[in-house]
Amino acid sequence: MTGNVPASQVSRMNVDWVPLHVHSTFSVLDGYGTPAQIVERAKEVGLKAVALTDHGSVSGHPQFEQACKAAGIKPIYGCEFYVTVGEKERSKSHITVLARTPAGYQNLLRLVSRSYEEDRFYYQPTIYVTDLVEHQEGLVVLSGCLSGLAAKAMLDENGGMAQAQEWLIELSEAIEHFYVEIQPLDLDESRIVNSGLIEAARELGLKLVATNDIHYLREGDERIQWFLGAVRRNKNVYDEFRGMVPQCYLCSGVDMVQWGAPIESVRESWRIAELCEEFDLPKAEPVRVGLSEEEAYETLVQKCREGWVARSMKQKAQDLYLHRMFYELKLIKEKRFVDYFLIVADMVAWAKKKGIMVGPARGSAAGSLVAYLIGITEVDPIEWDLLFERFIDVSRLDPPDIDLDFQDDRRDEVKAYLEERWGADRVANIAGYSLFKARSLLDDVGRVFRLRKVDVEAAKDAVMAGTGLEEAIETLVPGKGYLSEVEGMIRQYTVHAAGVVVASEPISEVTAMGRNGALMLDYRDAEYMGLMKIDVLSLKTLTILKHCLDAIGKDWRWLYSVPLDDPEVYKAFGDGLCEGVFQFEGATTKRICQRL
């Protein structure tokens, strides 16, 4: 018998099933596959819905939503939480939580944000059982994998069935939509737990659902998951540690029944998926300066008029500058970027008023005459033949990206001003994800397989010279070329050095907050969720300039009166005296200056 169905009949069955326990690369180093790859695999298997339940994170949800919409697959948003029974309990278990309704998704966000709070976070983001009970509205809760509260009790010699049933009774009585979760893995402990949980569910009258502990995409990918586990645990090929069993891939319902899951528990996953509403993720409304669109535009035009006078534009080619200004204003209005310009101009004006050194311009924003007129930049783009279209592409809807440099010892004041101006709960740093790239992946391959550094460096040089990554890995470790598939997966979570988002509403209503109040999204996903991104960079060069100006009794405006053709300056550059000059102080740049 297979899952209570004769084995001869299973392969011919069409078993309705939905994977409700799925990890992606956003379960950092514990999941192989992007949200888009997971959805692609679900479609390949013939599934109509799929969940995403990364460890303590909802960071993958924006990409997951986009991929599901493109594929016509129903998304179910969830999270696998680390959970403890109370404040003094350090032993953690796992529990699977799914959002059943939009209100439930808000509760999911609250739980994730709470798990990162100082009194909860202990090595991993953690919630208490009481947190889950408090915020259960609109949620579906599954008892968890082999690391779940009931499963661990079942395997505990001092607990056993009695302790497991106590947990199931407590959770089922406190949580309305609670299910006993089993996973038909080919492990002795899994068979013990499943047998006990099936019996307990029957005795207690609880609903049973079968999930698979999905950590990778296809059969055979457990080799990749093993490598990710080695990197995460700082292990190598000679260490003994157990990887994932071969079944933890995104499979079909038939596979689940063949592996021994009772067919009704497999079908229960479909019923849970139907119970979960299909809804869009919450998106922030565009940030406004408190004026109507027309009033905001008139304010921007007025600032341009004032800048026209302050910059002495009458002394320049009127027709050329007027045409450029009105062309930019028209495009800014059409693309609804007016408020963005006003918000950035307000921040820059405040910083200058407070004596904080601000950079003249960085990147493509220097191509905007409007930015120059309203004081965001200090570079006349027409004088220097800079293109506005490099800054705002006429054919695209991407939001503009103005990189702003501030003296590094006062950057925090600028962020504090944003919080004061727009609300502390509406401003946050954004996340950054360090990805596996070819060279760094080769370093990890070298460490995990204990290779000679000289061989790893030779492989990195070969890749830089054009050798394919798979070929380079295969040369280093024969038979391991498949590890090239790890490229592009997330290796480490960081906080972006400069990126800040501003929202029109509390950010916690749009997405979860991580440690120290940082957003759990990178800038692309943050913009997709409707959050306005502003780059607030810190630059040591500006701090040095500020100290120099203070020493000679000048303010920042004096800098822009210094002639740009001073022969003594070019002689200093030619002598390689570029120390402290931004982007010119490197050894290579100095040599180039000396040769010119």
Side-chain angles (χ1 to χ4, degrees), residues 289 291 294-335 337-392 394 400-407 414 417 534-537 539 541-542 545-546 548-550 552-566 569 582:
V289 292
L291 303 171
E294 198 57 43
E295 289 171 334
Y297 179 68
E298 286 302 321
T299 300
L300 181 62
V301 172
Q302 179 58 32
K303 285 183 175 293
C304 286
R305 291 194 189 104
E306 293 168 0
W308 190 274
V309 175
R311 303 279 193 189
S312 302
M313 304 303 287
K314 288 184 178 181
Q315 301 174 15
K316 302 188 178 183
Q318 294 284 295
D319 290 346
L320 178 60
Y321 278 82
L322 282 171
H323 180 270
R324 173 71 165 262
M325 181 183 77
F326 285 117
Y327 166 71
E328 290 189 19
L329 284 170
K330 178 175 179 291
L331 203 59
I332 290 168
K333 182 180 182 182
E334 288 176 352
K335 291 182 174 289
F337 296 156
V338 172
D339 291 270
Y340 176 80
F341 274 80
L342 292 176
I343 289 168
V344 172
D346 172 75
M347 177 178 65
V348 172
W350 176 88
K352 289 178 177 177
K353 182 180 178 181
K354 292 294 183 181
I356 299 173
M357 197 73 180
V358 184
R362 180 202 282 256
S364 61
S368 171
L369 179 61
V370 168
Y372 175 61
L373 291 175
I374 66 177
I376 294 175
T377 66
E378 295 295 332
V379 176
D380 181 341
I382 294 178
E383 182 179 346
W384 297 100
D385 294 323
L386 302 176
L387 298 175
F388 178 68
E389 288 75 15
R390 285 200 64 239
F391 174 49
I392 295 180
V394 179
D401 189 11
I402 300 177
D403 293 334
L404 299 163
D405 294 311
F406 298 90
Q407 63 184 83
V414 179
Y417 170 71
I534 301 175
D535 281 323
V536 183
L537 298 103
L539 198 60
T541 301
L542 291 176
L545 281 172
K546 182 67 169 74
C548 292
L549 289 171
D550 289 344
I552 63 174
K554 303 289 186 179
D555 75 357
W556 63 269
R557 295 174 186 83
W558 178 82
L559 275 178
Y560 300 103
S561 68
V562 175
L564 299 180
D565 56 357
D566 187 335
V569 173
F582 181 52

Exercise. Under a 4.5 Å cut-off applied to non-hydrogen side-chain atoms, are His323 and Leu369 in contact?
Worked result: no
Problem set entry | Donor-acceptor contact below 3.5 Å, side chain Gln318 vs main chain Met313 | yes
Exercise. So which heavy atom on Leu404 is nearest to which on Phe406, and how close?
Worked result: CB-CE1, 3.6 Å
For this session: Might you confirm whether atom NZ of Lys316 has over 12 heavy atoms from other residues, nucleotides or ligands at distances under 6.0 Å?
Result: yes
For this session: Could you check whether the rings of Trp308 and Tyr321 sit parallel, tilted or perpendicular, using 30° and 60° as the cut-offs?
Result: perpendicular
Seminar exercise, completed: Correct closest heavy-atom pair for Gly367 and Arg324 would be O-NH2, 2.7 Å
For this session: For the pair Tyr372 (side chain) and Ile382 (backbone), establish whether a donor and an acceptor sit closer than 3.5 Å, ignoring hydrogens and angles.
Result: no
Seminar exercise, completed: What one should report as the nearest heavy-atom pair of Glu389 and Val394 is CG-CG2, 4.3 Å
Exercise. Is a salt bridge present between Arg362 and Asp535, judged by a nitrogen-to-oxygen distance below 4.0 Å?
Worked result: no
Seminar exercise, completed: Test side-chain contact (heavy atoms from CB on, under 4.5 Å), reference Leu300, set Ile332, Asp339, Leu373, output is Ile332
Exercise. Looking at side-chain heavy atoms only, is the closest gap between Trp350 and Val348 below 4.5 Å?
Worked result: no
Exercise. Would one find more than 12 heavy atoms of other residues, nucleotides or ligands at under 6.0 Å from atom CG of Asp566?
Worked result: yes
Exercise. Heavy atoms, side chains only, cut-off 4.5 Å: are Trp556 and Val358 in contact?
Worked result: no
Exercise. Do the non-hydrogen side-chain atoms of Asp401 and Phe391 ever get within less than 4.5 Å of each other?
Worked result: no
For this session: Start with the C-alpha distance between Phe337 and Leu331, add both sets of side-chain angles, then the distance that settles side chain to side chain contact (heavy atoms under 4.5 Å, CB included), and finish with yes or no.
Result: CA-CA 9 Å; Phe337 296 156; Leu331 203 59; over 6 Å; no
Exercise. Under the 3.5 angstrom rule, does the side chain of Asp405 hit a backbone N or O of Leu539 as a donor-acceptor pair?
Worked result: no
Seminar exercise, completed: CG of Leu291 to CD of Glu298, rounded to nearest 0.5 Å, is 11.0 Å
For this session: Assess whether salt bridge (charged side-chain N to carboxylate O under 4.0 Å, His left out) is satisfied between Lys352 and Glu378, documenting all intermediate values.
Result: CA-CA 12 Å; Lys352 289 178 177 177; Glu378 295 295 332; 2.7 Å; yes
Problem set entry | Closest heavy-atom pair and its distance - Ala345, Ile376 | CA-CG1, 3.7 Å
Exercise. Are Asp380 and Arg311 close enough, and set up right, to give a side chain to side chain contact (heavy atoms under 4.5 Å, CB included), and what steps lead you there?
Worked result: CA-CA 10 Å; Asp380 181 341; Arg311 303 279 193 189; over 6 Å; no
Problem set entry | Gln315, CD: over 12 other non-hydrogen atoms inside 6.0 angstrom | no
Problem set entry | Euclidean distance, Phe326 CZ relative to Leu322 CG, rounded to 0.5 Å | 6.0 Å
Problem set entry | Between NZ on residue Lys330 and NZ on residue Lys335, distance to nearest 0.5 Å | 10.5 Å
Exercise. Do the side chains of Val289 and Val338 get nearer than 4.5 Å, heavy atoms only?
Worked result: no
For this session: Look at the side chain of Gln407 and the backbone N and O of Leu542, then say whether any donor-acceptor pair between them is shorter than 3.5 Å.
Result: no
For this session: Assess whether salt bridge (charged side-chain N to carboxylate O under 4.0 Å, His left out) is satisfied between Lys333 and Glu328, documenting all intermediate values.
Result: CA-CA 9 Å; Lys333 182 180 182 182; Glu328 290 189 19; over 6 Å; no
For this session: Would you mind reporting whether Thr377 and Ser368 have side-chain heavy atoms less than 4.5 Å apart?
Result: no
Exercise. With distance as the sole test, does Ser561 use its side chain to make a donor-acceptor pair with the main-chain N or O of Trp558 at under 3.5 Å?
Worked result: yes
Exercise. Hey, are the side chains of Leu549 and Asp555 touching, using non-hydrogen atoms and a 4.5 Å cut-off?
Worked result: no
Exercise. For the atom pair OG1 (Thr299) and CD1 (Ile374), what is the distance rounded to the nearest 0.5 Å?
Worked result: 11.0 Å
For this session: Specify the closest pair of heavy atoms between Pro381 and Ala366, including all atoms of both residues, with the distance to one decimal.
Result: CB-O, 3.3 Å
Exercise. Going by heavy atoms in the side chains, are Asp346 and Tyr417 under 4.5 Å from each other?
Worked result: yes
Exercise. Minimum heavy-atom separation for Tyr340 to Ile402, with atom names?
Worked result: OH-N, 3.1 Å
